[in-house]
Trainee: 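Dumping the structure here so I can ask a few things about it.
Residues take their numbers from the sequence shown, with the count starting at 1.
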Amino acid sequence: MEETSVFEKFELQLDQTAKDFLRETAKWAYFLSIMGYIFIGLLVVVAIFAGSIFASMSSSMPGMGMMAGMGTLIGGLYFVIAALYFFPIYYLNKFAVNTKKAFRDNDSEALTSSLGYLKSHYKFIGIMTLSVLILYAIIFVFGILGLFLRG
């Protein structure tokens, strides 16, 4: 016989204060997601024009000849950053839109879906933060090793 947990015996209810907090959170999440999409667009525009920007810099400044080749590399890096930045912004936007829909239509499934998107947003941010910390640690270790091997 299967046991039911204590949490399955009652249904969670949100009081008016909790609903107001969620509504306000959804408004700010929507604003931040729109700003995030704008920022992603700017990153893509810079990525597209990075090659020509660096080529013109290298032709106008003497001794900067190698900068022309760097434009493609930097443009590619900006595309990668824009792609990585897209996913948390997408999840944040879906959280905001579904939360607004949940309160507008009194739809608990939309609220559940929105909280799932919020979980995905924070999970992505957490994994990306850990990845960057690990990258910093690797760079630090190789930097220290380089100092010891050099001198």
Trainee: According to a 4.5 Å side-chain heavy-atom criterion applied to Ile, Leu, Val, Met, Phe, Trp and Tyr, with indirect links allowed, do Val97 and Ile38 form part of one hydrophobic cluster?
Mentor: yes
Trainee: Provide the closest heavy-atom pair for Ala26 versus Ala96 in the form atom of the first, atom of the second, distance.
Mentor: O-CB, 3.4 Å
Trainee: Could you state the interatomic distance from CZ (Phe95) to OG (Ser113), rounded to the nearest 0.5 Å?
Mentor: 11.0 Å
Trainee: So, does Asp107 use its side chain to make a donor-acceptor pair with the main chain of Glu109 at under 3.5 Å?
Mentor: yes
Trainee: For Leu14 and Leu111: C-alpha separation, side-chain torsions, deciding distance, then whether side-chain contact (heavy atoms from CB on, under 4.5 Å) applies.
Mentor: CA-CA 11 Å; Leu14 297 177; Leu111 183 61; 3.9 Å; yes
Trainee: Does any part of the side chain of Leu135, heavy atoms only, come nearer than 4.5 Å to the side chain of Ser131, both counted from C-beta?
Mentor: no
Trainee: With rounding to the nearest 0.5 angstrom, report the CZ to NZ distance, Arg104 to Lys100.
Mentor: 9.0 Å
Trainee: From Tyr85 OH over to Phe124 CZ, what is the distance, rounded to the nearest 0.5 angstrom?
Mentor: 11.5 Å
Trainee: Could you grab the distance from atom CG of Leu118 to atom NZ of Lys94, nearest 0.5 Å is fine?
Mentor: 14.0 Å
Trainee: For Asp20 and Glu24, run side-chain contact (heavy atoms from CB on, under 4.5 Å): C-alpha distance rounded to whole Å, both residues' side-chain angles, the deciding distance at 0.1 Å, then the answer.
Mentor: CA-CA 6 Å; Asp20 291 341; Glu24 187 172 346; over 6 Å; no
Trainee: Answer with yes or no whether the hydrophobic clustering places Phe87 together with Leu32; edges join I, L, V, M, F, W, Y residues whose side-chain heavy atoms lie under 4.5 Å apart.
Mentor: no
Trainee: Rounded to the nearest 0.5 Å, what's the gap from CG on Asn98 to CG on Leu115? Could you check?
Mentor: 9.5 Å
Trainee: Answer with yes or no whether the hydrophobic clustering places Val80 together with Phe39; edges join I, L, V, M, F, W, Y residues whose side-chain heavy atoms lie under 4.5 Å apart.
Mentor: yes
Trainee: Going by the rule ring-ring contact (aromatic ring centres under 6.0 Å, His included), which residues pair with Phe31 if we only count those two or more places apart in sequence or in a different chain?
Mentor: Trp28
Trainee: Should Ile40 and Met128 be counted in the same cluster of Ile, Leu, Val, Met, Phe, Trp and Tyr side chains packed under 4.5 Å apart?
Mentor: yes
Trainee: Please check this pair: side chain of His121 against backbone of Tyr91, looking for a donor-acceptor N/O pair closer than 3.5 Å.
Mentor: no
Trainee: Just checking Phe103: does its CZ atom have more than 12 heavy atoms from other residues, nucleotides or ligands closer to it than 6.0 angstrom?
Mentor: yes
Trainee: So Ser33 and Asn93, side chain to side chain donor-acceptor pair (under 3.5 Å) or not? Walk me through it.
Mentor: CA-CA 5 Å; Ser33 69; Asn93 183 268; 3.0 Å; yes
Trainee: Using the rule that Ile, Leu, Val, Met, Phe, Trp and Tyr join whenever any side-chain heavy atoms are under 4.5 Å apart, tell me whether Ile134 and Phe142 fall into a single cluster.
Mentor: yes
Trainee: Relative to each other, are the rings of Tyr90 and Tyr117 parallel, tilted or perpendicular (30° and 60° limits)?
Mentor: perpendicular
Trainee: Between Ile89 and Tyr37, does a side-chain contact (heavy atoms from CB on, under 4.5 Å) hold up when you go through it step by step?
Mentor: CA-CA 7 Å; Ile89 296 302; Tyr37 284 134; 3.7 Å; yes
Trainee: Among all residues two or more places apart in sequence or in another chain, which pass the ring-ring contact (aromatic ring centres under 6.0 Å, His included) test with Phe79?
Mentor: none
Trainee: For Asp15, does the CG atom sit with more than 12 other heavy atoms under 6.0 Å from it, leaving out its own atoms?
Mentor: yes
Trainee: Find the distance between CG (Leu92) and CD1 (Ile34) and round it off to the nearest 0.5 Å.
Mentor: 10.0 Å
Trainee: Please step through side-chain contact (heavy atoms from CB on, under 4.5 Å) for the pair Thr99 and Arg23, ending with a clear verdict.
Mentor: CA-CA 7 Å; Thr99 301; Arg23 274 191 196 100; 6.0 Å; no
